[in-house]
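What follows is a set of notes on a single structure, which appears directly below.
Keep in mind that this is a model prediction, so the values were computed, not measured. Per chain, numbering begins at 1; letters A, B, ... match sequence-line order.
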2 protein chains.
Amino acid sequence: MTLQPALPEHTFQALGDPTRRAIVERLSQGPASVSELAAPFEMALPSFLQHLKVLEGRGLIRTVKNGRVRRCEIIPEPFDAATRWLEDQRTLWSARLDRLDAYLTTLKDGDAS
Amino acid sequence: MTLQPALPEHTFQALGDPTRRAIVERLSQGPASVSELAAPFEMALPSFLQHLKVLEGRGLIRTVKNGRVRRCEIIPEPFDAATRWLEDQRTLWSARLDRLDAYLTTLKDGDAS
DNA sequence: TTAATACTTAGGTCAATACCTAAGTATTGC
DNA sequence: GCAATACTTAGGTATTGACCTAAGTATTAA
């Protein structure tokens, strides 16, 4: 119900828990009901449901109730946004390391000549 | 001190906090001392240091003390591992959505409501 | 129409997290 | 040497997070 703007921060926080990460891994393979998702876990159902609510609250999954069954599925966008953030950081530091490398090479060439 | 094997889970958890995410963004542009990193934050220094310890404990940054100054820098690998995990999930569901799309097209052709 | 199923709500505990202040230690500049 | 600098340690509080049990509600199957 509460779809957040999907800040990478929220995505990361949601994925920082082993249970929720496992739920996402399961849902990556396709939608599932609450009880299907809960089955592999020892945890009591209400505890498990909290994790689903976190995922939904952060906008990582969408759920729809049909009859007495609630079906859950992944929302791809926030994952893409998180990936982009990680890649942006990577770009920053590899650019920097490249410059450092170039600089060191210059130094070395200067010595050699 | 404690360099973890950098499970994506730990990386995500560390990045789930706004302060730590900002620290990483700063460090992506190059190494910095503790006080340089802390300057933009209102937070008391000991509180800030805790965040640095989380990042170091999760293996996302490396710190070396030289004299009275501690210099901090990014460790790229865990970020790559986290990116890879996100991309793996994406691969799973895009393959599936492609298949679903094809299937729905077929169904619609055969469906007379 | 009753019983089973599939959640859902309402509480309550316990540990971890995010902050704080106050008082250290170790280096360095004057 | 002595003061300023750059952390560091040692506490303490308050909120959030991850779990639990017990008792609902709504839907479906028999």
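You'll find that the side chain of V69(B) is closest to dA6(D), out of dA6(D), dC20(D), dT8(D). Distance from the side chain of M43(B) is smallest for dC20(C) among the nucleotides dT8(C), dT8(D), dC20(C). Comparing dT8(D), dA22(D), dT28(C) by their closest approach to the side chain of R70(B) singles out dT8(D).
Looking at heavy atoms from C-beta onward, L15(A) lies in side-chain contact with W85(B) at the 4.5 angstrom threshold.
One can place CG of L52(A) at 9 Å from P of dT8(C), the figure rounded to the nearest angstrom. Taking atom CG of residue L15(A) and atom P of nucleotide dA18(D), one finds them 12 Å apart after rounding to whole Å. When rounded to the nearest whole Å, the span between CZ of R21(A) and P of dA18(D) equals 15 Å. Spacing between atom CG of L49(B) and atom P of dT5(D) amounts to 18 Å, rounded to whole angstrom units. F48(B) places its CZ atom 16 Å from the P atom of dT21(C), with the value rounded to the nearest Å. Rounded to a whole Å, the CG atom of D17(A) is 14 Å from the C1' atom of dA15(C). With rounding to whole Å, R71(B) atom CZ is found 12 Å from dA6(D) atom P. One can place CG of L37(A) at 13 Å from C1' of dC7(C), the figure rounded to the nearest angstrom.
Distance CG/L37(B) to OG1/T19(B): 12.0 Å, rounded to 0.5 Å. In this structure, CZ in R58(A) is found 9.0 Å from CD in E9(A), a value given to the nearest 0.5 Å.
Checking the phosphate oxygens (OP1, OP2) of dT17(C), no side-chain nitrogen or oxygen of H51(B) falls inside 4.0 Å. Remark: K53(B) is in phosphate contact with dT9(D), judged by side-chain N or O atoms under 4.0 Å from OP1 or OP2. Look at T19(B) and you won't find any side-chain N or O under 4.0 angstrom from OP1 or OP2 of dA18(C). Using a 4.0 Å cut-off, no side-chain N or O of S33(A) falls inside it from OP1 or OP2 of dA6(C). Phosphate proximity of dT5(C) to S35(A): absent, as no side-chain N or O sits under 4.0 Å from OP1 or OP2. Note on K65(A): a side-chain N or O is less than 4.0 Å away from OP1 or OP2 of dT8(C). A close approach under 4.0 Å does not occur between any side-chain nitrogen or oxygen of S47(B) and OP1 or OP2 of dA18(C).
Toward the 5′ end of DNA chain D lies the nearest nucleotide of Q50(A), the other residue of the pair Q50(A) and R68(A) mapping further downstream. Of the two residues contacting DNA chain C, namely N66(B) and E36(A), the nearest-nucleotide position lying further toward the 5' end is that of E36(A).
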Using a cutoff of under 3.5 Å, can you pull out all pairs of nitrogen or oxygen atoms linking the protein to nucleotides 13-16 of chain D, with atom names and distances?
none

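Within a 6.0 Å sphere centred on CZ of R90(A), other residues, nucleotides and ligands contribute 12 heavy atoms or fewer.
Of the candidates Q50(B), H51(B), E25(B), Q13(B), R20(B) forms a side chain to side chain donor-acceptor pair (under 3.5 Å) with just one, namely H51(B). Among R71(B), K53(B), E56(B), the single residue meeting the side chain to side chain contact (heavy atoms under 4.5 Å, CB included) criterion with T63(B) is E56(B).
Among the protein residues, R20(B) comes within range of the sugar-phosphate backbone only, with heavy atoms under 4.0 Å from sugar or phosphate atoms but none that close to a base.
Checked against ring pair (Phe, Tyr, Trp, His ring centres under 6.0 Å), F79(A) has the following partners two or more places apart in sequence or in another chain: W93(B).
Ring geometry for F41(B) versus F48(B): interplanar angle of 30 to 60°, hence tilted.
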